[in-house]
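Read through the structure below, which is laid out as structure tokens, and then see the notes.
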Amino acid sequence: MTRTRTPRPSEVPRTVGGDLVNARLVFLALTIGVTRLFVIPLVLLPLDTAWGWALLPLTLTITPVWSLIHEAVHGSLQRNRARNDRMGRILAVVVQRCCSSTPRTDRTELKTLDSMAPGEAS
């Protein structure tokens, strides 16, 4: 009787189809990121503030993008290591630009509209 076992993920041959799916997911994530960062705020919001509501469903895409970055960190996004690293870095830059807060940018007038300045009466 021969024993069979489930192969480890590292032993399973990866397919080109998986790389194509991941490349399409990265392209979709970048398209959504550019829309969220540039198209809506710079083009559509000046036309009508109701376009701000379009940002709401787009924010739900941040977690799947982090999942793609996670796969890139582990080297599983693409079979080609250089392509994997490049896609992961591009995604990380897009997510960093839209989701990061630093002390320098947290105190801008736009981000503190709902707070009072020191010495300001209520």
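Since the structure is predicted, the reported quantities are computational estimates derived from the model, not experimental observations. For the single chain, residues carry numbers from 1 onward in sequence order.
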>> In the structure I gave you, are the side-chain heavy atoms of I69 and W66 within less than 4.5 Å of one another anywhere?
In response: yes

> Going hydrophobic residue to hydrophobic residue with side-chain gaps under 4.5 angstrom, can you get from V21 over to V26?
Replying inline: yes

>> For the CD1 atom of I40 and the CG atom of L58, what is their distance to the nearest 0.5 Å?
In response: 5.0 Å

> With hydrophobic residues grouped by side-chain heavy-atom distances under 4.5 Å, do L47 and L55 end up in a single group?
Replying inline: yes

> When rounded to the nearest 0.5 angstrom, what distance separates OG1 in T63 from CG in L68?
Replying inline: 11.5 Å

> Nearest heavy-atom pair of P41 and P46: which atoms, and what distance?
Replying inline: O-CD, 3.5 Å

> So which of L77, N22, D19 actually passes side-chain contact (heavy atoms from CB on, under 4.5 Å) with N84?
Replying inline: L77

> Are side-chain heavy atoms of I90 and R86 found at a separation under 4.5 Å?
Replying inline: yes

>> Rounded at 0.5 Å granularity, tell me how far CG in L44 sits from OG1 in T49.
In response: 12.0 Å

>> Count I, L, V, M, F, W, Y as connected when their side-chain heavy atoms are under 4.5 Å apart, and connections chain through other members. Are L56 and V39 then in the same cluster?
In response: no

>> For a 4.5 angstrom cut-off between non-hydrogen side-chain atoms, does T61 reach R36?
In response: yes

>> Is the shortest side-chain heavy-atom distance between I32 and V65 below 4.5 Å?
In response: no

> Which pair of non-hydrogen atoms, one from L45 and one from W51, has the smallest distance, and what is that distance?
Replying inline: CD2-C, 3.9 Å

>> Quick check: closest heavy atoms across V94 and L37, and the distance to 0.1 Å?
In response: O-CD1, 4.0 Å

